[in-house]
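All remarks here apply to the structure that follows.
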Protein chains: 2
Amino acid sequence: MREAILDAAIDVLGRNPGASLAEVAARAGVGRASLHRHFPARDDLVAAVIRRCMDETDAATAAAVQDAGSARETLLRVLKAVIPLGDRYHFLASLSSTDAEVRARYEADLEWLAGLVDSLKKESVIAPEAPRFWAAANIDAQIWIAWTEVAAGRLAAADAADLALHTLLEGLGKR
Amino acid sequence: MREAILDAAIDVLGRNPGASLAEVAARAGVGRASLHRHFPARDDLVAAVIRRCMDETDAATAAAVQDAGSARETLLRVLKAVIPLGDRYHFLASLSSTDAEVRARYEADLEWLAGLVDSLKKESVIAPEAPRFWAAANIDAQIWIAWTEVAAGRLAAADAADLALHTLLEGLGKR
DNA sequence: CTCGTATGATACATATCTGTCTCATTAAAG
DNA sequence: CTTTAATGAGACAGATATGTATCATACGAG
C-alpha cells in the first residue's frame, strides 16, 4: 500500500511535479482518502518519496562499492547500479526541496561523488586538470543520459554502463 | 512590457513551473491584470515563452552556422552561442508542453542536431560507432552542464565552450 | 492643453486542489 | 462466526489560483 503509493508518486510527480494527489492515488489504484491516511499532507508524501529515493541510491552505491578494487572499478559498478534508478533521479531533479535533512543528504551525496573524482585523479584515470565539479556533473549527466536512452528503448540496458563509462573517460571523438 | 513579462516568466517558471501568475507579474514589476491583457490565459503565456526560447536558440544557431567551415567548427560555434542561453534550456526542460507546434519544432531541432552528428561522423570528428541519439544527448548535456557551472560561478564563461567541446570529444580521462 | 490609450489596483466569481470527516464494505484476525 | 481494522466512496469546508470587470490615474500623441 505505502509502497504502491510511493511508486505511483515517483512516476506521476516525476513527469509533472504539479500533479494533483488525486492523480497519484489513481495511478496507485488507491482511494484519495487512503492516501491521506498514510501521508497526511502533500509535503509528507513528497518528503517520503525523496527519502526513499535517496535510501535506494545510497544502498545501491554502498553495495556497489563493496570490495571494488580500483576507483575505476568503483565508478563502473556505481554506474551499473545507479543507471536503472534513473526514474528516481528524474523525480529528485524535478523538485526543489526546502527540507533541511533532504538538503543535507544531497550535499553529502555530492561530496561523496566529488571524493570519487579525487580518487580517480589519484589513480590517473581522470585527468588532473579536469575541474572537480565539472567531472562530478559529467558523471551525473552520463547516468541521466543512459537511463533516458534505455527508457526510450534506444539502448540495451546491458550496454548502458559501459557506454557511459567510455564516453565519460574517452569522449565521443574518433581516436 | 511584453518582453519584461516573458523574461520574468523564464526566470520564475524556470525555477518553479507551478509558480502563480502573481509571482510572474511581481517579478516583471507589472500588475497582474496587465499580464492578463497581454496573455489572456496561463497557457498563452507559456506558449509565448516556449516560442520565444525556441526562436532565440534557432537564431543563435543559425548565426553560428553562418560560414563555418568544418562541422567541428560549427559545433564549437553552436556551443559558444547556445551555452549562454542555458536558462532557456532550463525553462523548456521544466515543462512538458502538449502544444502541437511546439512539439513539432522540438522534433525539428532534435533532427537538426542529429544531422550535425552525422556531419561530424563524416568528417571523422566523432567515432562512427557512437549511437546517433547518444551523441546528440551528450551535446545537449554538455550545454546544460556548462551553463549550470557558469551560472554557479565555478567556471569562466569564456572557457565554457572549449571545455565542453573537449569533454565531449575526448572525455575526462587522462591521456 | 486635451483626448485616447495603457496601466495598476481592486473586487469578484469560478475552478481546482487540499485536507477532514462520515459511512458502508471488505478482509483479516481471533 | 464475530469482531476489529483498513479501505473506498463521497460530501464538505477552506485555501489558492485563475480569469473578468471596473475604475481611477498616468502617460503620450496630436
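None of the values given here were measured: they were computed from a predicted structure.
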Problem set entry | Shared hydrophobic cluster for B/Val78 and B/Val117 (ILVMFWY, side-chain gaps under 4.5 Å) |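 Both belong to a single hydrophobic cluster.
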Rounding to an integer number of Å, can you tell me how far [X] [atom1] sits from [N] [atom2]?
X       : N      : atom1 : atom2 : value
A/Met1  : D/dA6  : CE    : C1'   : 10 Å
A/Asp44 : C/dT18 : CG    : P     : 13 Å
B/Ile5  : C/dA6  : CD1   : C1'   : 12 Å
A/Leu45 : C/dC17 : CG    : P     : 16 Å

Problem set entry | Parallel, tilted or perpendicular, as decided by the 30° and 60° cut-offs, for the rings of A/His90 and A/Trp147 |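 The arrangement is perpendicular - the two ring planes meet at more than 60°.
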Problem set entry | A/Arg132, CZ atom: more than 12 neighbouring heavy atoms under 6.0 Å |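 Yes, because the 6.0 Å sphere around CZ of A/Arg132 holds more than 12 heavy atoms from other groups.
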Problem set entry | Atom CZ of B/Arg77: over 12 foreign heavy atoms under 6.0 Å |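 Yes, CZ of B/Arg77 has more than 12 neighbouring heavy atoms, counting only those of other groups under 6.0 Å.
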Polar pairs (N or O, both sides) under 3.5 Å between protein and nucleotides 14-21 of chain D?
unit_1: D/dT18; atom_1: OP1; unit_2: B/Arg42; atom_2: NH1; d: 2.4
unit_1: D/dT18; atom_1: OP2; unit_2: B/Leu21; atom_2: N; d: 2.9
unit_1: D/dG19; atom_1: OP1; unit_2: B/Arg42; atom_2: N; d: 3.4
unit_1: D/dG19; atom_1: OP2; unit_2: B/Arg42; atom_2: N; d: 3.0
unit_1: D/dG19; atom_1: N7; unit_2: B/Arg32; atom_2: NH1; d: 3.3
unit_1: D/dG19; atom_1: O6; unit_2: B/Arg32; atom_2: NH2; d: 2.9

For this session: Ignoring backbone atoms, test whether B/His38 places a side-chain nitrogen or oxygen under 4.0 Å from the OP1 or OP2 oxygen of C/dA6.
Result: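 No, because none of the side-chain N or O atoms of B/His38 sits under 4.0 Å from OP1 or OP2 of C/dA6.
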Exercise. Any salt bridge between A/Arg2 and A/Asp7, counting N to O under 4.0 Å?
Worked result: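 Not counted as a salt bridge, because no side-chain N and carboxylate O are separated by less than 4.0 Å.
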For this session: State plainly whether the residues A/Arg88 and A/Glu56 are in salt-bridge range, i.e. N to O under 4.0 Å.
Result: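 Yes.
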